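The structure displayed is predicted, hence computed values, not measured ones. These values consider heavy atoms only, across backbone and side chains, with no hydrogens, waters or symmetry-generated copies.
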Amino acid sequence: MSPQPPTKDEAEAVQDTAESGLAPTMYNVAMTEAFGQVVLHPTVETYEATITAMKADGYVSVIDLCGVDYLTHGARSLPADVHPERFEVVVNMIAHDPLRRTRVRVQVPESDPTVPTLFDVFPGTEAMEREAFDMFGIVFTNHPDPTRILMPADWDGHPLRKDFGVGAVPVQFKGAAAPR
């Protein structure tokens with residue numbers, strides 16, 4: 001699918017911001033472009049309101065929601081007024097009329113890795129948020145089922161965090177003597 005230009009209202013909002021000398025914004029949050037796709041950078045506090053406004057503007061689905069751990073990659077492309085944090089929640093949204101794809105990147109601090117759930121806005125995010133919690137430890141407040149989805153309930157830690165210790169699991173081959 002080729003990227004589509006912003007709607008007339010979106011383009012006017014970006015133009016008004018650009019003429020003021022400020023960094024471009026859309027839905028009242030910082031906006032950039034990457035690989036021909038609009039990328040929005042709301043704060044944790046404006047995240048749910050941004051997604052709700054996007055839904056009202058014709059975005060019909062969250063295609064993907066995932067967590068990212070930038071522990072070993074602090075230098076990444078962000079607008080000047082967006083402070084990089086260790087974790088990030090990335091949401092990919094789609095609208096059909098007109099056809100648009102937009103990525104939303106929310107910086108999530110290591111000291112308080114919590115963001116609001118999108119379940120009430122897009123119920124299809126339920127399993128994706130559980131996976132982000134399970135793998136990265138990002139908590140989605142007011143989530144209807146904040147339990148693990150991939151790891152056993154008694155698993156200690158979050159295996160996709162960059163500082164998660166790689167364990168050793170002894171492998172026993174068929175016909176080989178058991179380790180002593």
Side-chain angles (χ1 to χ4, degrees), residues 6-7 9-10 13-14 17 22-34 37-71 73-74 76-96 100-151 153 155 157-164:
T7 64
D9 291 338
E10 291 170 342
V14 171
T17 306
L22 301 172
T25 62
M26 189 180 288
Y27 302 105
N28 296 318
V29 300
M31 182 202 84
T32 58
E33 202 172 304
Q37 185 178 51
V38 171
V39 182
L40 302 177
H41 301 271
T43 63
V44 169
E45 295 77 24
T46 61
Y47 170 58
E48 186 177 15
T50 300
I51 299 296
T52 301
M54 292 175 74
K55 183 174 184 178
D57 193 31
Y59 286 85
V60 295
S61 181
V62 171
I63 297 172
D64 187 35
L65 181 150
C66 62
V68 181
D69 184 353
Y70 282 105
L71 179 66
H73 187 65
R76 59 189 180 274
S77 177
L78 291 170
D81 56 340
V82 175
H83 177 70
E85 295 287 354
R86 174 178 175 179
F87 298 109
E88 189 172 275
V89 170
V90 180
V91 180
N92 289 292
M93 309 272 301
I94 192 168
H96 296 297
R100 298 167 285 166
R101 280 183 72 128
T102 300
R103 187 175 334 129
V104 178
R105 294 174 58 189
V106 183
Q107 301 302 305
V108 182
E110 180 178 14
S111 60
D112 183 21
T114 60
V115 295
T117 184
L118 295 181
F119 179 79
D120 293 333
V121 183
F122 288 104
T125 60
E126 188 265 343
M128 293 181 273
E129 290 177 343
R130 286 178 64 194
E131 183 178 340
F133 163 71
D134 203 1
M135 298 289 106
F136 295 96
I138 299 169
V139 176
F140 292 86
T141 55
N142 298 319
H143 191 279
D145 182 13
T147 59
R148 291 194 177 270
I149 192 168
L150 299 173
M151 303 304 292
W155 187 268
H158 305 281
L160 289 184
R161 284 189 172 193
K162 300 287 187 208
D163 56 358
F164 185 79

| said: Are there over 12 heavy-atom neighbours, none belonging to Asp64, within less than 6.0 Å of that residue's CG? | reply: yes
Between the OG1 atom in Thr141 and the CD atom in Glu48, the distance rounded to the nearest 0.5 Å is 7.5 Å
Exercise for review: Would you check if Phe140 and Val115 make a side-chain contact, meaning some heavy-atom pair closer than 4.5 Å?
Suggested key: yes
When rounded to the nearest 0.5 Å, the distance separating CZ of Arg105 from CD of Glu88 is 4.0 Å
dist Phe122:CZ -> Thr52:OG1 (nearest 0.5 Å) comes out at 8.0 Å
To the nearest 0.5 Å, atom OH of Tyr27 lies from atom CE of Met54 at 5.5 Å
Side-chain contact test, heavy atoms from C-beta onward, threshold under 4.5 Å: evaluate it for Arg161 versus Arg86 and give yes or no. yes
Less than 4.5 Å apart, any side-chain heavy atom of Ile138 and any of His158?
no
Correct closest heavy-atom pair for Ala132 and Gly67 would be CB-N, 4.1 Å
Side chains of Val104 and Pro42: does their closest heavy-atom pair fall under 4.5 Å?
yes
So CG of Leu40 and OG1 of Thr102: to nearest 0.5 Å the spacing works out to 6.0 Å
key: Residues Glu85, Val108; criterion side-chain contact (heavy atoms from CB on, under 4.5 Å); working and verdict   = CA-CA 6 Å; Glu85 295 287 354; Val108 182; 5.6 Å; no
Please state whether the rings of Phe87 and Phe136 are parallel, tilted or perpendicular, taking 30° and 60° as the class boundaries.
perpendicular
Side chains of Arg130 and His143 in contact at under 4.5 Å (non-hydrogen atoms):
yes
Are the side chain of Glu129 and the backbone N or O of Leu118 linked by a donor-acceptor pair below 3.5 Å? yes
In terms of heavy-atom contacts, Ser111 and Pro113 come closest through C-CD, 3.8 Å
When every non-hydrogen atom of Gly157 is compared with those of Pro159, the smallest separation belongs to O-CD, 4.0 Å
Please check if the side chain of Asn92 supplies one atom and the backbone of Ile63 the other of a donor-acceptor pair under 3.5 Å. no
Checking Val29, Val106, Asn28, Thr43 against Thr50 for side chain to side chain contact (heavy atoms under 4.5 Å, CB included), the one that qualifies is Val29
NZ/NE/NH1/NH2 to OD/OE distance under 4.0 Å, Arg148 and Asp134: yes
Residue pair Pro116 / Tyr47, side-chain heavy-atom distance below 4.5 Å
yes
Measure the shortest side-chain to side-chain distance between Arg100 and Asp57 over non-hydrogen atoms and say whether it is less than 4.5 angstrom.
yes
**Request:** Determine whether Met93 and Ile51 make a side-chain contact, defined as any pair of heavy atoms from C-beta on separated by less than 4.5 Å.
**Result:** yes
OG1 of Thr117 to CE of Met128, rounded to nearest 0.5 Å, is 10.0 Å
Of all heavy-atom pairs linking Val44 and Pro109, the shortest is CG2-CD, 4.5 Å
